[in-house]
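Single-structure report; data block below.
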Amino acid sequence: MITPKMSDAINAQINAEMFSSYLYLSMSAWFSRTGLPGFSSWMRAQAKEEDFHAQKMFDYLLERGGKVELEAIDKPEINWESPLKVIEAVADHEAKVTSLINELVNCALDERDHASNIFLQWFVSEQVEEEASVGEVLDRMRLVGNDSAGMFAMDMEMSKRVFIEPVGK
Ligand code: FEO
């Protein structure tokens with residue numbers, strides 16, 4: 001059975017993942033209001049992915065006999081200065097999530113909880129991918145700058161991302 005310390009730490013991360021989902025949904029609404037439906041759709045796919053992360057932790061905690069205790073989700077930001085500022089905020093947020101995941105791994109090592117350590121490795125790899133993916137979007141936005149034709153083309157491309165739940169999660 002999972003230790004109370006590890007259980008509480010994963011339970012807290014469920015809330016952090018739900019907050020990420022909420023934040024990205026708020027960003028999706030902002031992009032929609034701003035006339036960038038492709039970015040809005042991309043953020044919505046990101047929100048679904050965060051929801052999946054929360055569910056994955058939720059299932060794991062139950063499987064290990066831990067205590068799931070859902071907490072209130074903080075209100076996310078609702079306004080940003082520009083599309084670039086939103087994506088910068090996503091990059092910053094993902095960097096914070098990476099630190100949280102690393103802390104969870106440290107906790108698993110402290111608790112000598114090998115099962116949680118193995119479980120969390122999936123999230124360690126996922127964070128590498130998430131930071132790379134948003135970093136790529138950020139680089140391209142900086143290149144596009146204030147060129148509206150470039151932004152329009154990028155918006156079209158952003159609409160292509162869909163979130164597909166991994167098989168055998
Ligand atoms: Fe659940 Fe984007 O990290």
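First listed ligand is number 1; within each ligand, the first listed atom is number 1.
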Are Leu100 and Phe123 connected, step by step, through hydrophobic side chains (Ile, Leu, Val, Met, Phe, Trp, Tyr) whose heavy atoms are closer than 4.5 Å?
no
Excluding water, the protein N, O or S atoms sitting under 2.8 Å from atom 2 (Fe) of ligand 1 are Glu50 OE2, Glu94 OE1, Glu94 OE2, Glu130 OE1
Residues two or more places apart in sequence or in another chain: which of them pass salt bridge (Lys or Arg N to Asp or Glu O under 4.0 Å) with Glu71?
none
With Asp113, which residues qualify under side chain to side chain donor-acceptor pair (under 3.5 Å), at least two apart?
Arg64, Ser116
I'd like to know if Arg161 pairs up with Glu49 as an ion pair, taking the criterion as any Lys NZ or Arg NE/NH1/NH2 lying under 4.0 Å from an Asp or Glu carboxylate oxygen.
yes
Residues pairing under side-chain hydrogen bond (donor to acceptor under 3.5 Å, both in side chains) where one sits in residues 146-159, two or more places apart or in two chains, turn out to be Arg140-Glu157
Give the C-alpha distance, both sets of side-chain angles, the deciding distance and a yes or no for side-chain contact (heavy atoms from CB on, under 4.5 Å) between Tyr60 and Lys56.
CA-CA 6 Å; Tyr60 175 74; Lys56 193 173 170 82; over 6 Å; no
